[in-house]
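Take a look at the structure set out below.
Proteins get letters first, then strands, A, B, ... in listed order; numbering begins at 1 in each.
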Number of protein chains: 2
Amino acid sequence: MEPVIRPRTYAQALERLRRIGLRPTRQRLALAKLLFEQGDRHVTAEQLHEEAEAAKVRVSLATVYNSLHQFTQLGLLREVVVEPGRSYFDTNTSDHHHFFFEDEAKLMDIPGDRVEVTRLPTPPAGTTLRRVDVILRVGGRLK
Amino acid sequence: MEPVIRPRTYAQALERLRRIGLRPTRQRLALAKLLFEQGDRHVTAEQLHEEAEAAKVRVSLATVYNSLHQFTQLGLLREVVVEPGRSYFDTNTSDHHHFFFEDEAKLMDIPGDRVEVTRLPTPPAGTTLRRVDVILRVGGRLK
DNA sequence: ATAGCTGCAAATGCTTTGCAAGGCC
DNA sequence: GGCCTTGCAAAGCATTTGCAGCTAT
């Protein structure tokens, strides 16, 4: 098994795209840059689309969705579902959990080793555990 | 603080509605009956609407949504978000967690004392922990 | 050249809303 | 009767899709 390197830079993302066989097109590269060049992020498609426009990159919202899903399938992103009707994409694909600030609809990472989930029940026969999501729903305003 | 009684029967639901000041209308009572008279359930609005129709109760989907949200606000239901674009409503409002079978889009309760989440980080200043959701995402078919 | 992408706009799926008509107290 | 509810249809969002035109290799 090849070690999974988390792309932190444009160069790594490009390399990653090539290796996997996704054409490094202008829009994919631009999106990868926005996503992976500024540490861990949680973005919605809409947000990323706005960022792209602000950065003078012409990308349609449909392409943003396509790219986010492609990146997710390739393991570059992780989709986090906390609200009905909106998906967040997390650039941190390592094992970890989330705070969700309900009043401001924002996510924050919690290091995987900071929360311990024990005494997990065994999945029913015929099924396999794919992922454990822990969401700490928080209220009140962040200062 | 008045003890919270989980409505398990039509009568209890009716009583509960009255006590809270929601008029026990035909449709609310019918929905309460469907929801609370058969043990713990996880339903979507669409499902409940179909059940109501099958039971020859005329209810519009809009009213199903309204009722589900009202019941949720009153603490009779708990909303569970596991998939983008669809909400599940859980008649079990006690402290517990969930298996989510991704291939069949179904939820299953895990008793609260069966999973232990320890070493929870403290919420950031100015915020309060409202709820802890643990979702065990499972793949493969149930037998 | 050509297989794969992109953009646009239309379609979809879930959910919410506006408002007239209806029903509980 | 009065006020809360309902129902319907229309509106609202986030997301997906179909397809003609573009582009990286």
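Put simply, CD on A:Q47 is 17 Å from P on D:dC13, counting in whole angstrom units. The separation between B:E83 atom CD and D:dA14 atom P is 18 Å, rounded to whole Å. Rounded to an integer number of Å, the gap from A:L48 CG to D:dT15 C1' is 15 Å. Counting to the nearest Å, the C1' atom of D:dA24 and the CG atom of A:L17 are 13 Å from each other. Atom CZ of B:R58 and atom P of C:dA21 are 17 Å apart (whole Å). Here C:dG7 presents its C1' atom at 14 Å from CG of A:L31, a figure rounded to the nearest Å. In this structure, the CZ atom of B:R18 is 13 Å from the P atom of D:dT5, given to the nearest Å. The nearest whole Å value for the distance from the CZ atom in A:R28 to the P atom in D:dA24 is 11 Å.
Between D:dT6 and B:T63, no contact under 4.0 Å exists linking OP1 or OP2 to a side-chain N or O. Side-chain nitrogen and oxygen atoms of A:T25 include at least one within less than 4.0 Å of the OP1 or OP2 phosphate oxygen of C:dT6. Residue A:H69 places at least one side-chain N or O under 4.0 Å from the OP1 or OP2 atom of D:dT16. Neither OP1 nor OP2 of C:dG23 sits under 4.0 Å from any side-chain N or O of B:Q27.
Along DNA chain C, the nucleotide nearest to B:Y65 and the one nearest to A:V59 differ in position, and the one closer to the 5' end is contacted by A:V59. The nearest heavy atom of DNA chain D to B:P84 and to B:N66 marks one nucleotide each, and the one closer to the 5' end goes with B:N66.
Side-chain N/O atoms of B:R23 and base N/O atoms of D:dC4 include a donor-acceptor pair closer than 3.5 Å.
Looking at heavy atoms from C-beta onward, B:V80 lies in side-chain contact with B:L107 at the 4.5 angstrom threshold.
Nucleic acid contact for B:L61: base, since at least one base atom lies under 4.0 Å from a heavy atom of the residue. Nucleic acid contact for B:S87: sugar-phosphate only, since backbone atoms but no base atoms lie under 4.0 Å from a heavy atom of the residue.
Annotation: A:H42 is not in aromatic contact with A:F100 [ring centroid separation under 6.0 Å not met]. Between A:H69 and A:F89, the gap from one ring centroid to the other is short of 6.0 Å.
Few gaps surround CD on A:E79; more than 12 heavy atoms of other groups in view lie less than 6.0 Å from it.
For A:R28 and A:Q70, the side-chain atoms include at least one donor-acceptor pair closer than 3.5 Å.
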